[in-house]
Asker: 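Mind looking over this structure? Questions follow.
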Amino acid sequence: MINQAKECWESLSAFRRKRNRCIDYTFGRQWNDIIEVDGRRMTEYEYILREGNLPLKNNLIRRIVRNVVGVFRKELPGMMAAYTGHLKELAKQNELEEIFSRVMEEFLISGMAVVRKRMGLRDGRRGVWTETVSPSTFFFNSDSRDVRGWDVDIVGQFHDVNFRGWCDAFVRDAESYRRARNIFGDMRKHVRITEMWRRELHPCCLLHDERNGLIRSVDAAEAERLTGNRKRWSMRSVWRYYFLSEDGSVLKEGDSPYRNIGHPYVFKCYPMLDGEIQSFVGDMIDQQRYANRLITLYDWVVRASAKGVLLLPRGAVAPEDLEAVADQWSRFNGVIVYKSQPGVPDPHQVSGNNSNIGISELLEIQLKMLEDVSGVTGTLQGNIASNSVSGTLYNQQTENAKTSLRDLMETFRSFINENVKKDMTIASQMFAV
C-alpha cells in the first residue's frame, strides 16, 4: 500500500513544482528560476548579481491576489447561506469564513483547495472540525478526470508527527508506548505517517430476512453461517482507511466511520480538464517576469548613463586646486574661482538623456496586459478613471469586471457546497449516536 500511495504522490510532482513557483512569484521571490550559463546552473538572481546589476522587482501579482480575495470575502456570506441552524454554530466554531478565505488564496496560487473533516473532541468540545490541508502533503489517484471527484478511489496525505501526536493516535497500552519511545528517541524527532483512504470492493450477500421483510447486506463469510433466508451474492464498495509508517507497516486500519461520504476530505481542482491543474497566478507569471526585466533594464540604463560628469580641460585649473573645484561643483550654491588659460575651453557638465528610450512605454503596455490576463481591471481595484463617473455607472463597471472572475468564484462556491454536505452528514451521524 505504501507503494500505491507513493505512485499517487509522484504523479502530482509536476503540480507541486508549479505550485512552488507560483508561491515564489506571489510572495516576491521572483528571480528564483534556475538557468544554465556556461554549463553552470544558477538562479536568475545569482546571474544578475554576477553581471554587476541589481535584480529589481515590483510585485504586481500579490496586489492582484489580494484584490481577488477581497472580492471573495465580500461575496462569502452569500456563498455560506446554506450554513443555517446548527450548521451556523458549527461554522462559527470552526471560523470557516477565515478558513475559506485562506483556502481561496491557496486556490488562486496553486489551483487546488483542500480541507479535511474530523469528528471528535477539541478543547473539551465535541463537534465536527474542519482542518486545512496543504496541497504539498496531499495526494489522490492521478487517473481521476471527474471535476466533481466522483471517480477518486485513493486519497490521503502525509503527516509529520511528533511524539505527542503519535501517542494520541497510536498508543493504547504499555507495549505501544515503549515502541513509541524507541521510535522517537530524544522526543524531538518528527516521523512521517501516511494516511491513505482507499475505495475497495468486498464480496457480500444481499440477505432477505423473511421474518421482517428487510433486505440487508452482510459479509459473504457471515452469510454462510445464516440459514433460512434468501441470499444473493454481490459486491459492495467500501471506503477503508490506513495509517502507514515509513517502512510501510500498517499502524491502524478500518472501515470508514463516515457513513454515506466515505473519506473525510473535500478538495477542488481547477480547471481539472483531462486531469490538468492550472492556477490563476500561473497565468500572470510571464507578464510579471517581463515587467521585472524592464524595471531592471531601466535601472541599468540610468546607472550606466552620464549624470553630471564634469569635463575639465587639462591646465584649466592648477592640480592643487582640483579637489576644491570638485567640492564646489557639487554644491548647489558653489562658487568656483580659477584663472582662465588662453586657448583652453571652459569646464562644462555632461548629462545623458536616458528618459526617452521606450522602456516606460513598454512597461505601461506590460501592466495593461497583466490586467487583461488576470481579469482584475482598475475598476475592480477601486481605481476611478474619471471623477465625473456616476455611482450607478461605476457599480455597473465593477459588476462587469467581476465577469472574468465568475468561473473561479462559482468553482469555489461548489467547494463550499461540498463542505456543507459533509458537515451536515457527519454532524447528523455524530449526534445520532
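A quick note: this is a predicted structure, and the numbers were derived from the prediction, not measured.
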Asker: With sequence neighbours left out, write down each residue that passes salt bridge (charged side-chain N to carboxylate O under 4.0 Å, His left out) with D372, or none if nothing qualifies.
Answerer: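 K368.
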Asker: Give me the atom names and distance for the closest heavy-atom approach of F184 to F163.
Answerer: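 Result for this residue pair: CE2-N, 3.4 Å.
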Asker: Would you call R148 and D146 a salt bridge, using N to O less than 4.0 angstrom?
Answerer: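 Yes.
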Asker: State which residue, out of Q157, E418, K422, fulfils the side-chain hydrogen bond (donor to acceptor under 3.5 Å, both in side chains) condition with Y265.
Answerer: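 For Y265, the side-chain hydrogen bond (donor to acceptor under 3.5 Å, both in side chains) check succeeds only for Q157.
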Asker: Should the pair E410-R413 be classified as a salt bridge under the 4.0 Å nitrogen-to-oxygen rule?
Answerer: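 Yes.
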Asker: Over 60° means perpendicular and under 30° means parallel, so classify the ring planes of W197 and Y258, tilted if in between.
Answerer: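 Geometry flag for W197 against Y258: tilted rings.
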Asker: For the residue pair W9 and F158, is the inter-centroid distance of their aromatic rings smaller than 6.0 Å?
Answerer: yes
Asker: Sequence neighbours excluded, which residues qualify as side chain to side chain donor-acceptor pair (under 3.5 Å) partners of S136?
Answerer: S134
Asker: Let me confirm one number: the OG1-CG distance from T43 to L49, rounded to the nearest 0.5 Å.
Answerer: 8.0 Å
Asker: Do E98 and R73 sit within salt-bridge range, that is, some charged N less than 4.0 Å from a carboxylate O?
Answerer: yes
Asker: Salt-bridge test for R289 and E44: reply yes if a basic N is under 4.0 Å from a carboxylate O, no otherwise.
Answerer: yes
Asker: Test E7 against N3 for side-chain hydrogen bond (donor to acceptor under 3.5 Å, both in side chains), laying out the working first.
Answerer: CA-CA 6 Å; E7 289 176 4; N3 290 331; over 6 Å; no
Asker: Should the pair E131-R122 be classified as a salt bridge under the 4.0 Å nitrogen-to-oxygen rule?
Answerer: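 The answer is yes: the pair qualifies as a salt bridge.
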Asker: Identify the heavy atoms of L60 and A291 that sit nearest to each other, and give their distance.
Answerer: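 Closest approach of L60 to A291: CD1-CB, 4.3 Å.
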Asker: Going by the ring-ring contact (aromatic ring centres under 6.0 Å, His included) test, which pairs reach into residues 18-76, not counting sequence neighbours?
Answerer: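 Qualifying pairs, neighbours excluded: F72-F412.
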Asker: Would you compute the distance between atom CD1 of I23 and atom CZ of R16 and round it to the nearest 0.5 angstrom?
Answerer: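 Result: 12.0 Å between the selected atoms.
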Asker: So, are K117 and D423 salt-bridged, with charged N and O less than 4.0 Å apart?
Answerer: yes
Asker: Could you tell me which non-hydrogen atom of D151 sits nearest to which non-hydrogen atom of R199, and how far apart they are?
Answerer: C-NH2, 4.5 Å
Asker: Indicate yes or no for a side-chain donor-acceptor contact from W129 to the backbone of G120 under 3.5 Å, with no hydrogens or angles considered.
Answerer: yes
Asker: Taking only Lys NZ, Arg NE, NH1 and NH2, and the carboxylate oxygens of Asp or Glu, determine whether R116 and E195 approach each other closer than 4.0 Å.
Answerer: yes
Asker: If you compare all heavy atoms of V376 against all heavy atoms of V68, which two are closest, and at what distance to 0.1 Å?
Answerer: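 Of all heavy-atom pairs spanning V376 and V68, the closest is CG2-CG2, 3.6 Å.
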Asker: Tell me whether Q429 contacts the main-chain N or O of P257 through its side chain, where contact means a donor paired with an acceptor under 3.5 Å.
Answerer: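 A pair under 3.5 Å: yes.
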Asker: Check the angle between the aromatic planes of F243 and Y241 and answer parallel, tilted or perpendicular using the 30° and 60° thresholds.
Answerer: perpendicular
Asker: Whether R19 and E106 form a salt bridge (side-chain N of Lys/Arg under 4.0 Å from carboxylate O of Asp/Glu) is what I want to check.
Answerer: yes
